[in-house]
Peer 1: 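I have a structure here, written as structure tokens, and I will follow up with some questions on it.
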Amino acid sequence: MENFILPLSGGLLIGVAATLYLLTTGKVVGISGIFAQALFNKERGLPILFIIGLILGGSTYGNLIPQHTDFPESRSTLLLIISGLLVGYGTRLGRGCTSGHGVCGISRLSPRSIIATLIFITSAIITVYFFNSI
């Protein structure tokens with residue numbers, strides 16, 4: 001039962017946070033857009049607070065709830081940096097990330113977000129299959 005409640009609670013909290021952000025700012029939550037606003041906009045107070053909240057929330061959860069996740073084998077630092085840059089480039093190219101398109105866009109029945117999310121999922125399946133078969 002515990003395995004069911006925690007993910008459900010996390011999903012509900014994400015939905016509440018996305019709804020509150022939309023109601024208070026009129027903007028859709030997407031971490032790539034919020035991160036870009038924190039870096040490049042003059043009005044960066046709210047995006048920075050949002051990012052700090054994500055870090056504090058994740059850290060608090062990690063310290064309060066014991067983790068039983070087996071981490072995959074470690075990858076090279078260079079591979080992680082290249083992967084992060086590719087994710088960032090793809091996010092900007094796709095005009096949003098999985099959270100923006102997947103959580104907020106689909107809930108608003110945005111065709112662009114539905115297509116983007118299907119492409120994300122398909123790409124992830126192909127990538128995992130490719131790297132697991134090497």
Side-chain angles (χ1 to χ4, degrees):
M1 190 66 171
E2 180 181 324
N3 291 334
F4 175 72
I5 291 175
L6 289 177
L8 179 63
S9 300
L12 288 172
L13 287 173
I14 290 172
V16 168
T19 302
L20 288 175
Y21 194 83
L22 180 64
L23 291 174
T24 57
T25 67
K27 297 178 182 175
V28 173
V29 171
I31 191 61
S32 60
I34 290 174
F35 196 72
Q37 290 174 16
L39 289 177
F40 303 115
N41 278 4
K42 292 179 182 175
E43 297 178 17
R44 57 182 69 156
L46 187 59
I48 289 174
L49 283 176
F50 192 91
I51 292 169
I52 290 171
L54 285 177
I55 294 169
L56 289 177
S59 299
T60 302
Y61 176 81
N63 287 320
L64 293 178
I65 306 294
Q67 304 297 307
H68 303 288
T69 303
D70 294 326
F71 290 99
E73 63 185 72
S74 63
R75 302 285 184 191
S76 76
T77 303
L78 180 62
L79 182 62
L80 292 174
I81 290 171
I82 291 171
S83 300
L85 291 172
L86 286 173
V87 168
Y89 177 73
T91 297
R92 298 309 293 172
L93 189 64
R95 300 184 71 191
C97 59
T98 51
S99 62
H101 285 298
V103 175
C104 298
I106 288 178
S107 65
R108 294 182 309 126
L109 300 176
S110 165
R112 182 178 83 176
S113 292
I114 293 169
I115 292 170
T117 304
L118 289 174
I119 291 172
F120 295 154
I121 292 170
T122 304
S123 300
I125 291 169
I126 292 170
T127 302
V128 168
Y129 178 78
F130 175 76
F131 279 103
N132 283 341
S133 65
I134 292 179

Peer 1: Rounded to the nearest 0.5 Å, how far does CD1 of I52 lie from OG of S59?
Peer 2: 12.0 Å
Peer 1: Treat each ILVMFWY residue as a node, draw an edge where side-chain heavy atoms are under 4.5 Å apart, and state whether I121 and Y129 are in one component.
Peer 2: no
Peer 1: Do V29 and V103 have side chains that get closer than 4.5 Å, going by heavy atoms?
Peer 2: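 They are not in side-chain contact.
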Peer 1: Tell me whether the count of non-hydrogen atoms from other residues, nucleotides or ligands lying under 6.0 Å of CZ in R92 goes above 12.
Peer 2: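 No, not enclosed.
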Peer 1: Work out which heavy atom in V28 is nearest to a heavy atom in G100; give both atom names and the distance.
Peer 2: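 Closest approach of V28 to G100: CG1-O, 4.2 Å.
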Peer 1: Are the side chains of L6 and Y61 in contact, using a 4.5 Å heavy-atom criterion?
Peer 2: yes
Peer 1: Just by distance, do the side chain of S107 and the backbone of C104 share a donor-acceptor pair under 3.5 Å?
Peer 2: yes
Peer 1: What is the distance from atom CG of L8 to atom CD1 of I5, rounded to the nearest 0.5 Å?
Peer 2: 8.0 Å
Peer 1: State plainly whether one hydrophobic cluster holds both F40 and I48, where clusters connect Ile, Leu, Val, Met, Phe, Trp and Tyr through side-chain heavy atoms under 4.5 angstrom apart.
Peer 2: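 No, separate clusters.
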Peer 1: For the atom pair CD1 (I51) and CG (L56), what is the distance rounded to the nearest 0.5 Å?
Peer 2: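 Those atoms lie 12.0 Å apart.
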Peer 1: Run the side chain to side chain contact (heavy atoms under 4.5 Å, CB included) test on L79 and S83 for me, step by step, so that the C-alpha distance in whole Å, both residues' side-chain angles and the decisive distance to 0.1 Å come before the verdict.
Peer 2: CA-CA 6 Å; L79 182 62; S83 300; 4.2 Å; yes
Peer 1: Compare all side-chain heavy atoms of I34 with those of Y21 and state whether any distance is below 4.5 angstrom.
Peer 2: yes
Peer 1: Is any side-chain heavy atom of E43 closer than 4.5 Å to one of Q37?
Peer 2: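 Contact flag for Q37/E43 side chains = no.
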Peer 1: Of L20, I14, T19, which meets side-chain contact (heavy atoms from CB on, under 4.5 Å) against V16?
Peer 2: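 For V16, the side-chain contact (heavy atoms from CB on, under 4.5 Å) test succeeds with only one of L20, I14, T19, which is L20.
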Peer 1: Got T127 and F131 here, is their nearest side-chain heavy-atom distance under 4.5 Å?
Peer 2: yes
Peer 1: Within this structure, what is the CG-CG distance for the pair L49 and L54, rounded to the nearest 0.5 Å?
Peer 2: 11.0 Å
Peer 1: Out of curiosity, does L64 fall in the hydrophobic cluster containing L13 (side-chain heavy atoms, cut-off under 4.5 Å, transitive links)?
Peer 2: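 Looking at the clustering, L64 is in a separate group from L13.
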Peer 1: Does Y89 share a hydrophobic cluster with I82, counting links as ILVMFWY side-chain heavy atoms below 4.5 Å and allowing steps through other members?
Peer 2: no
Peer 1: Determine the sole option in I106, I115, T117 for which the side-chain contact (heavy atoms from CB on, under 4.5 Å) test with H101 is passed.
Peer 2: T117
Peer 1: Any side-chain heavy-atom pair from S110 and I114 closer than 4.5 angstrom?
Peer 2: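 With C-beta onward as the side chain, the pair stays apart.
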Peer 1: Are the side chain of R44 and the backbone of N41 linked by a donor-acceptor contact shorter than 3.5 Å?
Peer 2: yes
Peer 1: Hydrophobic clustering (ILVMFWY, side-chain heavy atoms < 4.5 Å, transitive) - are I55 and F35 grouped together?
Peer 2: yes
